[in-house]
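Each chain gets a letter, A, B and so on, in the order the sequences are listed, and its residues count up from 1. Only heavy atoms go into these numbers, but all of them, side chains included; no hydrogens, no water, no symmetry mates.
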Amino acid sequence: MSISSFIFFSLPFENFTVLSAFGVMSNVRKSTRIIMKAEIYLAQCVESALKQAYDTEAKVVIEKPRQEAWGDFATTVALGLAKSLRTAPRVIADKIVENIKDEAHLLDKITVDGPGFINFTLSKSHWQSSVREIIGAGEKHGNDTWGNGKKINIEFVSANPTGPLNVVSARAAATGDVLVELLNKVGFAAEREYYINDAGRQIRLLGASVAARYLTLCGKNTAVPDEGYQGEYVIGLAEQLKAEHGEEFVELDDLERNARLSKLALEKMVALHKKVMEEYRVNYHTWFYESSLRKKDVHFKIVDELKSKNLTYEKDGALWFKSSEFGDAKDRVLVTKEGEPTYFMVDIAYHQDKFERGFETLYDLWGPDHHGYIDRVSAAMQALGYAKEKFNVRIIQQVNMLRDGELVKMSKRAGNIIEMNEVVQEVGIDAARFFFVMRKLDSPLDFDIDLAKKRSDENPVYYVQYAHARIVNVIQFANENGLELSLDADLSLLEANEEIALIRKLNEFPTVIGACARLMEVHHLPAYLMEVAAAFHSFYHNNRVVTDDRKLSEARMMLLEATRCVLLNGLKILRISAPDRM
RNA sequence: GCCCCUAUAGCUCAGUCGGAUAGAGCAGUGGUUUCCUAAACCAUGUGCCCCAGGUUCAAUUCCUGGUAGGGGCACCA
């Protein structure tokens, strides 16, 4: 992550609310400044210096140097221009530096190092004053507007209501939930959506399976169909339905009984899924029922549209879509020879429906077993006239559960899958959510159940939460000793190495949020929060907050409050609690 | 056979648009508390960045080809 920091201009800024555990900040004055990242300012400085020196334009990227000693920010622009300008990179770098006009007086030092890096060191006072601005921004710290209000739909989990949710859903749920939060933080209008496949063949199979178990319970031994659901939970469903409805379905003919039981079982499963998601703190904007599309025959209208574009044909009694004309490996069936619409066919209608509801871009989060399905949906969307980049899929790799250091073997057939709810209940919601967003989406995630349950320093969740609790405790202690948080504190007293290091870290928050949103990745945020916690703990250990030196204490209280703001903001995005005491 | 993902320290993993001496946590070792929470801090070692080519002033990063591991290739979802 590159460091980000702020420059303050005297422009009007909207009102804000201040986060505080104790309400001591209620008298805070309103900010009248707009926040701008230091990187953007530096990039502009370098760009105009470049124009001045060489009459050249180039995209200037400001990054964080590998070594802290080299400075706060750096750019390699001189290295990149060496060829086109036919000049040694160091010469270019020197000339750029000569032409830099630091109008905001932000810079303490600019050096040219190595083969031609330009390193910038910001003044201490800039870092110090950022503490006040972070507190002032409150929960808006890290917000941006580049999403421009664009409507984005993020569909995730969408597990079949034919069985309990497994651990992969827990990863997808945490990921999708946090992604939406991140996107909205940078100005998008992103929404969470869950698609419920409550129609079609699989649901009929569920009905038949429940019916078999139900009849068996009623004394009429019946086998579960070969392709049906064999899991224990089906017996549970049958038991519940028998308890609620007695034997009223026994005398019905098979078709009728299956249909009735299928409907009732489905309602129970969907209710269960909704409950698990709610307890996991995922609040979907939309629970979309496949049956609502089928009722309106929307999927047949899609077929008509594809037909009219001459993109379908009949073969072997089935109706095919020419998906290979849009990059799919082969054509796909829309209507089977039995005359049944495929899942795919309804799915096309579903995705188009999202567009018709006003979403400009769609993101689906799928498991690795669905990657082969991407091309055909993409093909369908293109066939219907939507640009390729409007439909996106992010594959979330698998989850391996580890217990006692051993991989827990899971098999659907053997019925020993680990349910999402079990894991969440066992390790706690905070730990589960944190662990499930810790890894890059492309990587399989090893979930160490024992580690997630540990209440010790090895567990990263507690490390971050402990930092927050510690801060709350110290501020409380300070209050008891007659110290109040005051925005007028003299921040120039924050000079210790640990203090500056912590402040610099706090200023990276907006950059981390931006990177997550831009890359559609969540794992940078928990990693960053661990860094903030580390910087804070280090500061805390080496510096007392509550001292005889009242001015210094007040300055340090400000630093603590700013740190608390960042931790709270970060945890809030992850929807993990920020405890006041541990 | 075809497609997707992965390969970096003993272990689990970061590493942004290719840049300066490749990082963190855990484990190991040694230390820190008359003091606001020790669920904490400090010190300490380790790397054919899977292999071979290519592009480039510069490759862990991009391209090609391998090797190994995981997943997927239905008129299921």
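Stacking of A/Y466 onto the six-membered ring of B/A40 is not present when judged by under 5.5 angstrom between centres and under 30° between planes.
At a threshold of 4.0 angstrom between heavy atoms, the contacts of A/D113 include nucleobase atoms, whether or not backbone atoms are also involved. Among the atoms of the strands shown, none is found under 4.0 Å from any heavy atom of A/P89. Using a 4.0 Å heavy-atom criterion, one finds that A/T76 contacts the bases of the nucleic acid, with or without backbone contacts as well. Counting non-hydrogen atoms under 4.0 angstrom, A/A478 reaches nothing in the nucleic acid. Within 4.0 Å (heavy atoms only), A/A329 reaches no atom of the nucleic acid at all. Counting any heavy atom pair closer than 4.0 Å across all strands shown, A/A318 reaches a base atom. Residue A/D328 is out of contact with every strand shown, counting any heavy-atom pair closer than 4.0 Å. Contact annotation for A/G80: base contact, defined as any heavy-atom pair under 4.0 Å involving a base atom. Residue-level contact check: A/D375 touches neither bases nor backbone, having no heavy atom under 4.0 Å from any strand. When heavy atoms are screened at a 4.0 angstrom cut-off, A/N543 is found touching base atoms of the nucleic acid.
Whole-Å rounding puts the A/E340 CD to B/C75 P distance at 14 Å. Protein atom CZ of A/F539 is 13 Å distant from nucleotide atom P of B/C42, rounded to whole Å. Taking atom CZ of A/F73 as the reference point, atom C1' of B/C17 lies 17 Å away to the nearest angstrom. Nucleotide B/C49 holds its C1' atom 12 Å from the CZ atom of A/R66, rounded to whole Å. Atom CD1 in A/I395 sits about 12 Å away from atom C1' in B/C3, given to the nearest Å.
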So which protein nitrogen or oxygen atoms get under 3.5 Å of nucleotides 8-11 of chain B's nitrogens or oxygens?
none

Under 3.5 Å between N/O atoms: give me all the protein pairs with nucleotides 66-74 of chain B, atom names plus distance.
residue : atom : partner : partner atom : Å
B/G70   : O2'  : A/Q398  : OE1          : 2.5
B/G71   : N2   : A/H371  : ND1          : 3.4

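Looking only at distances, no side-chain donor or acceptor of A/H524 sits under 3.5 Å from a matching main-chain atom of A/V512. A distance-only check finds no donor-acceptor pair linking the side chain of A/D404 to the backbone of A/E406 [under 3.5 Å]. Using modelled atom types, one side-chain atom of A/S553 and one backbone atom of A/T547 make a donor-acceptor pair closer than 3.5 Å. Judged by distance alone, with hydrogens and angles left aside, the side-chain atoms of A/S291 form no donor-acceptor pair with the main-chain N or O of A/D198 at under 3.5 Å.
Pair assignment for B/C41 gives B/G31, based on Watson-Crick or G-U wobble hydrogen-bonding distances that are each under 3.5 Å. A 3.5 Å limit on both hydrogen-bonding distances identifies no Watson-Crick or G-U partner for B/A14.
Across the interface with RNA chain B, nearest-nucleotide mapping of A/A74 and A/P444 shows A/P444 to be the residue nearer the 5′ end. In terms of position on RNA chain B, the residue among A/Y373 and A/L445 whose nearest nucleotide sits closer to the 5' end is A/L445.
The phosphate of B/C57 has OP1 or OP2 within less than 4.0 Å of a side-chain N or O from A/K83. Between A/S538 and B/C42 there is a side-chain N or O to OP1 or OP2 distance below 4.0 Å. A/Y540 has no side-chain polar atom (N or O) that falls below the 4.0 Å cut-off from OP1 or OP2 of B/C42. Remark: A/K440 is in phosphate contact with B/G15, judged by side-chain N or O atoms under 4.0 Å from OP1 or OP2.
Rounded to whole Å, the C1' atom of B/A27 lies 13 Å from the corresponding atom of B/U46. Comparing B/C48 with B/A39, their C1' atoms are spaced 40 Å from each other, to the whole Å. Here, B/G72 and B/A43 have their P atoms 46 Å apart, quoted to the whole Å.
Electrostatic pairing of A/R564 and A/D580 does not count as a salt bridge here, judged by no charged N lying under 4.0 Å from a carboxylate O. A salt bridge does not link A/E47 to A/K59: none of the charged side-chain nitrogens sits closer than 4.0 Å to a carboxylate oxygen.
A/V472 places none of its side-chain heavy atoms less than 4.5 Å from the side chain of A/R581.
With its glycosidic angle more than 90° from 0, B/C62 is assigned anti.
Of the candidate nucleotides B/A77, B/U6, B/A40, B/U6 has the atom nearest to the side chain of A/S443. Taking every side-chain heavy atom of A/H524 into account, B/G15 is the closest of B/G15, B/C75, B/A20.
There is a side-chain donor-acceptor pair under 3.5 Å between A/Q465 and A/D430.
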